[in-house]
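Shown next, in structure tokens, is the structure this report addresses.
In this chain, numbering begins with 1 at the start of the sequence shown.
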Amino acid sequence: MKTLLDLGTEYQAFRKQAGMTQQEVATAAGLRQEALSRFERGRGSDFSLAKMLRLAQVLGCDLDFVPARRRPTLDDVLQERKTQSNTGPLSR
């Protein structure tokens, strides 16, 4: 599962790839530039899905929901060590 920082970083990369400034995107999405800056730095904990959808629309991006890969727990890792089998994320 992605974190808020992951989403902000990815969004920032899309914005830069589109050659747009934070101010241009924020204005087009009806946001303040400061709010967009906080989101891109992973600090926009109050950032709503509606805002994220508006930002995606401005850049011509889609938001997709995909099944999350299960991360191994400590018990999984310990069991792997005992059996010498690989159950880590690269084994899938």
Exercise. Is the count of non-hydrogen atoms from other residues, nucleotides or ligands lying under 6.0 Å from R43 atom CZ greater than 12?
Worked result: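 Not buried by this count: 12 neighbours or fewer within 6.0 Å.
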Exercise. Hey, does Q33 have a side-chain heavy atom less than 4.5 Å from the side chain of V25?
Worked result: no
N/O donor to acceptor pairs below 3.5 angstrom from side-chain atoms of residues 11-19, sequence neighbours left out:
from : atom 1 : to  : atom 2 : distance (Å)
Y11  : OH     : L55 : O      : 3.2
Q12  : NE2    : E40 : OE1    : 3.3
R15  : NE     : E40 : OE2    : 2.6
R15  : NH1    : M20 : O      : 2.9
R15  : NH2    : E40 : OE1    : 3.0

Seminar exercise, completed: side chain to side chain donor-acceptor pair (under 3.5 Å) filter on T9, not counting sequence neighbours, yields none
Exercise. Apart from L78 itself, which Ile, Leu, Val, Met, Phe, Trp or Tyr residues share its cluster (side-chain heavy atoms under 4.5 Å, direct or through members)?
Worked result: L74
For this session: Please list all pairs passing the ring pair (Phe, Tyr, Trp, His ring centres under 6.0 Å) test where one or both residues lie in residues 45-69, with sequence neighbours left out.
Result: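 Sorted result for residues 45-69: F39-F47.
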Find the distance between [atom1] ([X]) and [atom2] ([Y]) and round it off to the nearest 0.5 Å.
X: D76; Y: R81; atom1: CG; atom2: CZ; answer: 15.0 Å
X: Q57; Y: D62; atom1: CD; atom2: CG; answer: 10.5 Å
X: S48; Y: L31; atom1: OG; atom2: CG; answer: 8.0 Å

Problem set entry | For T21, side-chain contact (heavy atoms from CB on, under 4.5 Å) partners two or more places apart |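 Here the qualifying residues are Q23, E24.
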Problem set entry | Pairing residues for E34 by the side-chain contact (heavy atoms from CB on, under 4.5 Å) criterion, not counting sequence neighbours | R32, R38
Exercise. Should L5 and L36 be counted in the same cluster of Ile, Leu, Val, Met, Phe, Trp and Tyr side chains packed under 4.5 Å apart?
Worked result: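 No, L5 and L36 fall in different hydrophobic clusters.
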